[in-house]
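Report on one structure; see the data block that follows.
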Amino acid sequence: MKMLAAVFLCVSLSLPSAARAGEPVDTVQGIIQSQIAAFLDDDAKAAYSFASPTIRGKFPTEDAFFDMVKKGYAPVYRPGNFAFGRSKVADGVVVQEVLISGPDGKDWTALYQVVKQPDGSYKINGVHIVRTAPGPEI
């Protein structure tokens with residue numbers, strides 16, 4: 001019984017580092033979900049709060065940012081369903097795939113680049129959307 005307890009303790013102590021490995025992805029997915037919720041609520045201030053300094057430099061006001069997203073990123077601005085796909089973490093950058101059903105009913109893939117800031121937070125540094133080809137019929 002003591003051996004089992006010792007094994008359990010060793011496994012338990014090793015779990016926090018394993019949990020931390022998934023932490024950036026969980027954090028980033030929460031940020032993306034929060035920004036999408038802000039878009040759906042037409043909350044420009046909240047949506048803009050997730051933008052990186054680089055994006056804020058290109059779009060220095062909440063309104064300019066919100067207008068750009070409305071015009072160029074309709075699937076992100078008004079998604080139907082969305083789900084997280086693959087992710088990649090390297091050197092303080094997380095690339096997160098998001099599969100989105102756009103307002104036009106078409107499927108899109110959005111690749112979010114989210115960068116770690118000097119204060120340890122993560123901010124969205126860009127989104128690249130591509131039209132998803134239909135899969136094989138089932």
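The analysis underlying the following values was restricted to heavy atoms, covering all of them including side chains, and did not include hydrogens, waters or symmetry mates. Sequence positions, counted from 1, serve as the residue numbers for this chain.
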Subject >> D67 side, atom CG; E62 side, atom CD - distance, nearest 0.5 Å >> reply: 13.5 Å
Please find the pair of heavy atoms, one from [X] and one from [Y], that lie closest to each other, and give the distance.
{"X": "G102", "Y": "W108", "answer": "N-CD1, 3.9 Å"}
{"X": "F50", "Y": "S34", "answer": "CZ-CB, 3.4 Å"}
{"X": "P60", "Y": "G57", "answer": "CD-O, 4.2 Å"}
{"X": "A46", "Y": "A38", "answer": "CB-CB, 3.8 Å"}
{"X": "A74", "Y": "P103", "answer": "O-CD, 3.7 Å"}
{"X": "S52", "Y": "N125", "answer": "OG-OD1, 2.6 Å"}

Could you tell me whether the side chain of [Y] reaches within less than 4.5 Å of the side chain of [X], counting heavy atoms only?
{"X": "L99", "Y": "F82", "result": "no"}
{"X": "T109", "Y": "I100", "result": "no"}
{"X": "I31", "Y": "I124", "result": "yes"}

Treating [X] as the side-chain partner and [Y] as the backbone partner, does any N or O pair qualify as donor plus acceptor under 3.5 Å?
{"X": "D41", "Y": "D43", "answer": "no"}
{"X": "Q113", "Y": "G126", "answer": "no"}
{"X": "Q96", "Y": "V25", "answer": "no"}
{"X": "S121", "Y": "Q117", "answer": "no"}

Subject >> Criterion side chain to side chain contact (heavy atoms under 4.5 Å, CB included) on F39 and K70, from CA distance to verdict >> reply: CA-CA 9 Å; F39 288 138; K70 281 183 193 178; over 6 Å; no
With clusters defined by side-chain heavy atoms of hydrophobic residues (ILVMFWY) lying less than 4.5 Å apart, directly or transitively, does [Y] cluster with [X]?
{"X": "M68", "Y": "L111", "answer": "no"}
{"X": "V69", "Y": "F59", "answer": "yes"}
{"X": "I32", "Y": "V115", "answer": "no"}

**OP:** State whether F65 and R56 meet the cation-pi test: NZ (Lys) or CZ (Arg) under 6.0 Å from the six-membered ring centroid, and within 45° of the perpendicular axis.
**Re:** no
Subject >> Pairs satisfying salt bridge (Lys or Arg N to Asp or Glu O under 4.0 Å), at least one member in residues 116-130, at least two apart >> reply: none
Subject >> Pairs where residues 73-96 contributes a residue and the test salt bridge (Lys or Arg N to Asp or Glu O under 4.0 Å) is met, not counting sequence neighbours >> reply: D42-R78, R86-E97
**OP:** Among V98, V95, V28, find the one that has a side chain to side chain contact (heavy atoms under 4.5 Å, CB included) with Y112.
**Re:** V98
**OP:** Report the residues that fulfil ring pair (Phe, Tyr, Trp, His ring centres under 6.0 Å) with Y77, sequence neighbours left out, ordered by chain and then residue number.
**Re:** F66
Original post:
What do you reckon, is CG of N81 surrounded by more than 12 foreign heavy atoms closer than 6.0 Å?
Top reply: no
